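Order of the sequence lines fixes the chain letters, A, B, ..., with proteins taken first and strands second; residue numbering starts at 1 for each chain. Everything numeric here is computed off the predicted structure, so don't read it as measured data.
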Amino acid sequence: MALMVYNSLSRQKEAFEPLHPGRVHMYVCGPTVYNDAHLGHGKTYVNFDTIVRYLRYLGYQVLYVQNITDVGHMLDTGEDRIIQGARRERMHPMQLAEYYTRRYFADMDRLNVTRPDISPRATGHIPEMIVWIQRLIERGYAYEVNGSVYFSVSRFPEYGKLSGRRVEELRAGARVEVLDEKRDPADFALWKRAEPEHIMRWPSPWGEGFPGWHIECTVMSTKYLGQPFDIHGGGVENKFPHHECEIAQAEAATGLPFARYWLHNGMLMIRGEEMHKSLGNFITLQQAFERWEPMAIRFFILQSHYRSPLDVTDEALDSAAKGLERLYGAVRAVRRHLAAAPEGEADPAVLEMLEGARRAFEESMDDDFNTPGAIAALFEMTREVNALLNQSTSPTQGTLQAVDALYRRLAGDVLGVLPASLEEDAVAGMAQDLIALLIETRAALRQAKQYALADQIRERLAALGIQLQDGPQGTTWALR
RNA sequence: GGCGACGUAGCCAAGAGGUUAAGGCAGGGGUCUGCAAAACCCCGAUCGUCGGUUCAAGUCCGACCGUCGCCUCCA
């Protein structure tokens, strides 16, 4: 079955075919680096990271670009958020942007988000933006007023094709900012004149100023990916006006289509409400990591579809963490058995089961990256694997290697929720030997029916976070 | 006010016209165990409400109720 993706532009699922066979050029709107990343960033970048990972799994060579917005967008107060942050933290604006860029990547690393191939900074592309704006003026799509440049929405009839909005409605809307110098209230800024107190400013043909809110994505995506390129992703909240404006700028300036597939992911909610500082329900990733393992958060995110809104509650995260632990338990057991397994080829019946799991996984992922379905396939496989390990005769090395390899591929490479080595592997050799010694001693005590002492060993180890599990083939242990 | 999305078991969450409505968590009952843990087996929903289309509807259409998003910076 071929990969189908929901394209926001056509509002339906379409067969995915990249412009150049075997290659995918993809852009996702990145963060504005004026503050720590929050759970919403986590959802968005885990969602798109998983999409990139699956495309690579399918064999595509993916070029993934995600910008870093280090020029502040304007707030209602007229102040730009980078500058506001700089004042708050008493840093130079560029220092602030660099500081939060590093923290952003550190958070994403913990969520096992693969770094984009290119992370272009807006401030590094001001000359390209100026050239692009000049081209829009030359072609009659933009005009200059008092050192600012605006895009003339009425000159681009397709404005609104992504978000399903019509310009007349925008004009009628009471919330559109009315600026006298704009010819039309719906027009948007390409370049803004810098007031004297504005720190972040660049020279331009229209005087000192700074770029508008949408031009960086148009310029940087096409610079590195060409035009048109395959996939443009971002959060739904950016569909309008941000993505709509990107399209207008890109297509007006060149006459070429912009992005071929638009993917929008759903918002993250906290207990049924949008996460907002003003609501006091703002949770940074750093804060979340204090309570939940980053992998559990990633797993939680992937247990719902990327296009759905995701409501975060403590209970939901706790149960996701437990579910992931179940998956890990099976992987650990497989790897532990592998060490002592008899040599031999893989059992054809098991290979068939694995093949079925792989197929179910791919069918879900092929259907617009349905990660909940893919995870379900993994759990069905896990039930079979655990049953296999419960049998009195140990599976062969070949069988266990095949099981382990599939876990690594699907849960590890594609979903990114399975580290290459689980924490037990990190327990030093000496500690492992000592645990083995205690298990042996306890086995002898049990043989002698000295259960009180045997249980004491088990309880003391449990207190240290080492849980013993007695099975038909002896005792194993796991960190809890 | 305009545009859009969603409402599936106690909780989270897939499914989108047709065999027994995935999966996870929690719960109940078993198996295994000296006991426990882990694991395995069994048990639970008729799909917001009301109409309609169809041989057949969580799945399509309409109305209503509810929740949420966008329309202003937001991942």
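- Note on A/Tyr45: only backbone sugar-phosphate atoms sit closer than 4.0 angstrom, heavy atoms only; bases stay farther off.
- For A/Asp404, the side-chain contact (heavy atoms from CB on, under 4.5 Å) partners at least two apart in sequence or on another chain are A/Val331, A/Val334, A/Arg335, A/Arg408.
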What pairs of nitrogen or oxygen atoms, one from the protein and one from nucleotides 21-23 of chain B, lie under 3.5 Å apart?
unit_1 : atom_1 : unit_2   : atom_2 : d
B/A22  : O2'    : A/Glu380 : OE2    : 2.9

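- Within the structure, a side-chain polar atom (N or O) of A/Lys322 is placed less than 4.0 Å from OP1 or OP2 of B/A26.
- Interface remark: the A/His305 side chain does not form any donor-acceptor pair with the B/A13 base, using a distance-only criterion of under 3.5 Å.
- In this view, A/His41 and A/His38 satisfy the ring-ring contact (aromatic ring centres under 6.0 Å, His included) rule, not counting sequence neighbours.
- With B/C68, B/A75, B/C35 as the candidates, the nucleotide lying closest to the side chain of A/Met267 is B/A75.
- Ring centers of A/Phe258 and A/Phe229: under 6.0 Å apart, within the cut-off.
- Counting non-hydrogen atoms of neighbouring residues, nucleotides and ligands closer than 6.0 angstrom, the CD atom of A/Gln12 exceeds 12 such neighbours.
- The base of B/G15 has none of its N or O atoms less than 3.5 Å from a complementary donor or acceptor on the side chain of A/Asn370.
- By the rule that a glycosidic angle within 90° of 0 means syn, B/G23 does not qualify and counts as anti.
- Side-chain atoms of A/Asp470 stay outside donor-acceptor range of the base of B/A37, with no qualifying N/O pair under 3.5 Å.
- Pairing of B/A57, defined by two Watson-Crick or G-U wobble distances under 3.5 Å, is not identified with any nucleotide.
- Base pairing of B/C47: no nucleotide in any strand meets the Watson-Crick or G-U wobble criterion (both distances under 3.5 Å).
- Shown here are the ring-ring contact (aromatic ring centres under 6.0 Å, His included) partners of A/Tyr57, two or more places apart in sequence or in another chain: A/Tyr54.
- Within the nucleic acid shown, A/Leu39 has no heavy atom closer than 4.0 Å to any nucleic acid atom.
- The ring-ring contact (aromatic ring centres under 6.0 Å, His included) search around A/Phe105 returns none, not counting sequence neighbours.
- Taking the ring-ring contact (aromatic ring centres under 6.0 Å, His included) definition, one finds that A/Phe151 meets it with A/Phe188, sequence neighbours left out.
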Sequence neighbours left out, cut at 3.5 Å: what donor-acceptor pairs do the side chains of residues 455-462 of chain A make with other protein atoms?
none

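- Using a 4.0 Å heavy-atom cutoff across all strands shown, A/Ser308 reaches sugar-phosphate atoms only and no base atom.
- Nucleic acid contact for A/Gly329: none, since no nucleic acid atom lies under 4.0 Å from a heavy atom of the residue.
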Contacts under 3.5 Å, N or O only, protein and nucleotides 6-10 of chain B:
none

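- Here A/Asn238 lies in heavy-atom contact (under 4.0 Å) with sugar-phosphate atoms only.
- Using a 4.0 Å heavy-atom cutoff across all strands shown, A/Gly42 reaches no nucleic acid atom at all.
- Among the protein residues, A/Gln467 comes within range of the sugar-phosphate backbone only, with heavy atoms under 4.0 Å from sugar or phosphate atoms but none that close to a base.
- Residue pairs meeting the salt bridge (charged side-chain N to carboxylate O under 4.0 Å, His left out) criterion with at least one member in residues 33-46 of chain A, sequence neighbours excluded, are A/Asp36-A/Arg103.
- With a 3.5 Å ceiling on both atom-pair distances, the Watson-Crick or G-U wobble partner of B/A5 is B/U67.
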